[in-house]
Amino acid sequence: MKTSEKRENNLSHLAIIMDGNGRWSEQKGLPREDGHKEGVKSLRKLLRYIDDFNIPYLTVFSFSTDNWKRPKSEISNLMNLLRKFIQTDLIELHNKNVKIRIIGNREGVPKDIVKLIDSSEFLTRDNDGLYLQIAFNYSGRDEIINALKKIGTSIKSGDIDPYNINEDIVNSNLFTAGLPEPDLLIRTGSEKRISNFLLWQLAYTEIYFEKALWPDFNKDLLTKAVNDFNNRYRRYGRIEERLKK
Ligand code: FPP
């Protein structure tokens, strides 16, 4: 393989839809909240073994704007899990040089969680180890609407000429501004959907569906997904060199 192809195939940004917590608990006859708790444990383990993979950016989907449709008790459980996660894991992550960014809509999020989010981003702002993005109260469509509002405001104020709108302008108005697009998306739990995650950013992302439920995800399964990714040839709309006349 040529060096340029190798570089193209490097895994810089991994995104994960951590699906299957509910089914994990149902299979064991446990309440759904136990599945989510195990989901957090699985994420915590990932944040430890991911160091071995040399992946600089990680984005995980922890709460979708569509999750507000779930029963109130489950919503408050998911909120509590983020609260606890930040309270218990922030210092360890900071000591490991992890930079945290929480993407999504702050509206509707309890005020104390917004404070925790802000303080975790502030504390880790200068870290240059793993860049961890947690998508919380996030959906791709909501993110695009938010970007359109910002761009619309800049048009109104005369800062942007609508005819000059390009991908860079859209990118810089997304929650993920400044980050490379995901190279690989892993969705656990058998479902084969994008579910309103990173809709703009996934345009050329390789997608890998894993049958295991999120609480059962582990280092071996990540290795399998990364190996699969490394054997893919990414064309970005081009044709393969060998087919060019
Ligand atoms: C999908 O499982 C998972 C979620 C809706 C939440 C994911 C959250 C976590 C892993 C824990 C929270 C993370 C942080 C950072 C605190 P599901 O309930 O849709 O599972 P099902 O499809 O089997 O019902």
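Note that the numbering runs from 1 along the sequence shown for the chain. In this text, all values refer to a predicted model and were calculated from it rather than measured experimentally. Start at 1 and go down the list; that is how both ligands and their atoms are numbered.
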> For Asp118, enumerate each residue passing the side-chain hydrogen bond (donor to acceptor under 3.5 Å, both in side chains) test, keeping only those at least two apart in sequence or located in another chain.
none
> For a quick check under 3.5 Å, do Tyr138 and Glu143 share a side-chain donor-acceptor pair by atom type?
yes
> Looking at Lys37, I'd like to know if its NZ atom is crowded, meaning that more than 12 non-hydrogen atoms belonging to other residues, nucleotides or ligands lie closer than 6.0 Å.
no
> Note the single closest protein heavy atom to atom 3 (C) of ligand 1, along with its residue, its atom name and the distance in Å.
Met18 O, 3.2 Å
> Check for me whether Gly20 has a heavy atom closer than 4.0 Å to any atom of ligand 1.
yes
> Can you tell me which residue and heavy atom of the protein come closest to atom 8 (C) of ligand 1, and the distance to 0.1 Å?
Ser62 O, 3.7 Å
> Can we say Lys224 and Asp228 salt-bridge, meaning some charged N sits less than 4.0 Å from an Asp/Glu carboxylate O?
no
> The criterion is salt bridge (Lys or Arg N to Asp or Glu O under 4.0 Å); which residues satisfy it with Lys84, sequence neighbours excluded?
none
> Below 3.5 Å, N or O to N or O, backbone or side chain included: is there any such pair between Gly22 and ligand 1?
yes
> State the atoms of ligand 1, each with its element, that fall below the 4.0 Å cut-off from a heavy-atom position in Leu81.
16 (C)
> Tell me, which protein residue and heavy-atom name are nearest atom 15 (C) of ligand 1, and how many Å apart are they?
Leu43 CD2, 3.6 Å
> Heavy-atom distance to atom 4 (C) of ligand 1: which of His36, Lys37, Glu33, Glu74 wins?
His36
> Using distance alone, decide if ligand 1 has a nitrogen or oxygen within less than 3.5 Å of any nitrogen or oxygen in Trp24.
no
> With a 4.0 Å heavy-atom cut-off (strictly under), which part of Arg32 contacts ligand 1: side chain, backbone, both or neither?
side chain
> For Val40, counting its heavy atoms only, list the atoms of ligand 1 lying under 4.0 Å from any of them.
11 (C), 12 (C)
> Ignoring hydrogens, just give me the one of Lys41, Arg23, Arg70 whose non-hydrogen atom is nearest atom 19 (O) of ligand 1.
Arg70
> Hey, are Asp51 and Lys96 close enough for a salt bridge, meaning a charged N less than 4.0 Å from a carboxylate O?
yes
> For ligand 1, which part of Trp214 has a heavy atom less than 4.0 Å away: the side chain, the backbone, both, or neither?
side chain
> Which heavy atom of Leu90 sits nearest a heavy atom of Ser120, and at what distance?
CD1-CB, 3.5 Å
> For Asn21, which of Glu33, His36, Glu38 qualifies under side-chain hydrogen bond (donor to acceptor under 3.5 Å, both in side chains)?
His36
> Is Lys219 salt-bridged to Asp52, going by a charged N under 4.0 Å from an acidic O?
yes
> Less than 3.5 Å between some nitrogen or oxygen of Asn67 and one of ligand 1, yes or no?
no
> For atom 9 (C) of ligand 1, what is the closest protein heavy atom, and at what distance to 0.1 Å?
Asn21 ND2, 3.7 Å
